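A short write-up of the structure that comes next.
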Amino acid sequence: PRRIVVVGASLAGVRAVETARRLGHRGPLTLIGAEEHLPYDRPPLSKEFIGGSVVTGPPHLMDQRQLIDGLGVTVRLGAAATALDVDQQVVEVDDMPVAYDALLIATGAQARTLPGTEGLGGVHTLRTLDDAAAIRAALDTGARTVVIGAGFIGSEVASAARRRGLPVTIVEAQATPLVRAVGEQAGRALAALHVRHGTDLRCGVGVAGLVGHERVEGVALTDGTVLPADLVVVGIGAAPVTAWLESSTLALDDGVVCDETLAAAPGVWAAGDVARWHHPDLGVALRLEHWTNAGDQASHAARNMLEPANATGYRHVPYFWSDWYRQRIQFAGLPDGHPQIVHGDWESDAFTALFRQGDRLTGALTLNRRGDIMKYRALISRGGSWDEARELAARRNAMTR
Ligand code: FAD
């Protein structure tokens, strides 16, 4: 392709332009981003950026010099793509056509909001740098915080508030948090971290509504309780950003539907939180919202884009981490069936739990066992058996006893 256009200037977009140049693309390379900011990294936003005692600047992925002078990328910030014509090979950006020979869609995901809370002061989601700055400012004033949703982001926000010594309550509709992400037993074990660190975790109760006129004053629960609040952070998940593609001919199904090679249509590729691709080994369509996937997938898509005739399948073993109360949670693979503890126990400060399907290792969850996770991930990637996983566990235990 001569002209490469990347829509979405975050992790996936930046990795794609980097990879394209590294692999020798010399033609025009354009990066289009809806936000005004230079590309930045999201994981620190719910961790150091809002919870740290030292005020940190935006966690930029690249500065202007690296991006524009170094890589020779034409960067358009504060500019949103509004439509795509696959046949004509044109993206509309602020109603101006931008022609491409190859396009990467990397528009990520946006936070789901609680209906009816728009415009109420003190109520935030956490997806962008601007969201994080508003939450940090509220925590600076000692806000009493209620987090709606005990997912990873909500849990990290609660942890950040506790780190600053502030009272925080999490309201979770499910009886156990994170069941879909890590399974029932592990969800319970992780929920216990909140309780141990002084977060008031209320599960199995819904939000009836928010109290307050211009600013939020409290959260009314379905059991009749009203929790006083100066800051409410809504952490109820994210949705892929595909509204701008609805008038195109691309297949959309909770994300941009791609084949094994991450192609969505001739000349069109997708990567990151927005992409749902057919996993060549697992035989299912997956859309991940993980940092490691966004970067790896974008590099893979860029490589395929440069040489479409030799495009290869994207065989990725999912991996993510999350930090709560200075504890490191890591997960690799998929949470199938009942996990088995192979190090520590569910109540201990450090444990490793493995998931199996038949005689295969399918997933691994660790708490504060940083050396373990990539070993299990590599085993899953090789299609390792359950017996091999048990042997690996025995070796790891002998080393770290
Ligand atoms: P995004 O980062 O969502 O970026 C998409 C970009 O596209 C955005 O800047 C958006 O403004 C832009 N855009 C959207 N529509 C348009 C348009 N029409 N035109 C132009 N631009 C557009 N993952 C982990 O594994 N571990 C963690 O600890 C972790 N922590 C996280 C903490 C927070 C607070 C958040 C929000 C996410 C976290 N993640 C974590 C997930 C990780 O950050 C994401 O998987 C990653 O950011 C996805 O990158 P992306 O480039 O695909 O999409």
Side-chain angles (χ1 to χ4, degrees), residues 5-17 30-51 58-61 75-84 91-95 98 103-112 124-133 135-136 151-157 159-160 181 233 235 237-248 255-256 262 270-276 287-299 301 316 318-324 327-332 373:
V5 173
V6 175
V7 180
S10 181
L11 179 60
V14 165
R15 280 292 171 79
V17 296
T30 305
L31 181 63
I32 294 160
E35 294 179 72
E36 300 281 348
H37 306 287
L38 275 168
Y40 58 87
D41 210 14
R42 293 181 206 278
L45 298 181
S46 48
K47 303 175 182 73
E48 277 308 307
F49 189 81
I50 61 166
H60 285 304
L61 287 165
V75 184
R76 292 185 56 183
L77 297 176
T82 50
L84 166 65
V91 217
E92 296 286 328
V93 181
D94 285 344
D95 298 324
V98 176
L103 174 74
L104 180 75
I105 297 171
T107 45
Q110 65 196 8
R112 290 184 201 277
H124 301 280
T125 51
L126 176 46
R127 183 80 201 174
T128 66
L129 183 57
D130 296 344
D131 297 336
I135 291 168
R136 177 161 85 177
F152 288 106
I153 300 226
S155 296
E156 290 189 351
V157 171
S159 157
V233 178
V241 178
T242 55
W244 68 283
L245 296 166
E246 255 148 39
S247 61
S248 77
V256 174
L262 308 172
D273 285 14
V274 76
R276 174 175 295 282
R287 185 177 70 80
L288 301 175
E289 292 178 3
H290 306 158
W291 189 91
T292 303
N293 175 64
D296 290 356
Q297 199 170 33
S299 295
H316 174 84
Y319 166 73
F320 66 85
W321 81 96
S322 185
D323 293 333
W324 316 356
Q327 322 273 316
R328 167 77 36 120
I329 299 158
Q330 290 165 293
F331 194 95
I373 197 75

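None of the values given here were measured: they were computed from a predicted structure. Numbering of ligands and ligand atoms starts at 1, following listing order.
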[atom]: which protein heavy atom is closest, and how many Å away?
atom	answer
atom 8 (C) of ligand 1	R42 NH2, 3.3 Å
atom 12 (C) of ligand 1	G8 CA, 4.0 Å
atom 18 (N) of ligand 1	A81 O, 2.9 Å
atom 27 (C) of ligand 1	W321 O, 3.3 Å
atom 33 (C) of ligand 1	I153 CD1, 3.3 Å
atom 49 (O) of ligand 1	A294 CB, 3.6 Å
atom 10 (C) of ligand 1	E35 OE2, 4.0 Å
atom 52 (O) of ligand 1	D273 N, 2.9 Å

If you take the nearest heavy atom of each of [options], which one is closest to [atom]?
atom	options	answer
atom 30 (N) of ligand 1	K47, Q330, H290, Q110	K47
atom 13 (N) of ligand 1	T107, T125, V157	T107
atom 6 (C) of ligand 1	S46, A34, A275, S10	S10

Rounded to the nearest 0.5 Å, how far apart are [atom1] of [X] and [atom2] of [Y]?
X	Y	atom1	atom2	value
D323	E156	CG	CD	6.0 Å
L129	H37	CG	NE2	4.5 Å
F320	L288	CZ	CG	10.0 Å
L38	L61	CG	CG	10.0 Å
I50	L45	CD1	CG	8.5 Å
R136	E48	CZ	CD	10.5 Å

Do V274 and T242 have side chains that get closer than 4.5 Å, going by heavy atoms?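 V274 reaches T242 side chain to side chain.
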Within a strict 4.5 Å, meaning less than it, do heavy atoms of the F49 and D41 side chains meet? no
Would you say the side chains of S299 and D296 form a donor-acceptor pair under 3.5 Å? no
Is it the case that ligand 1 has an N or O less than 3.5 angstrom from some N or O of [X]?
X	result
T292	no
S322	no
F320	no
Y319	no
V274	no

Look at the aromatic rings of Y319 and W321 and report parallel, tilted or perpendicular, splitting at 30° and 60°.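 The rings of Y319 and W321 lie parallel, inter-plane angle below 30°.
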With atoms numbered from 1 as shown, which atoms in ligand 1 lie under 4.0 angstrom from a non-hydrogen atom of E289? 41 (C), 45 (O)
In ligand 1, which numbered atoms sit nearer than 4.0 Å to a non-hydrogen atom of V7?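 Near V7, the atoms of ligand 1 are 19 (N), 20 (C).
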Going by an N to O cut-off under 4.0 Å, is there a salt bridge joining R42 and E35? yes
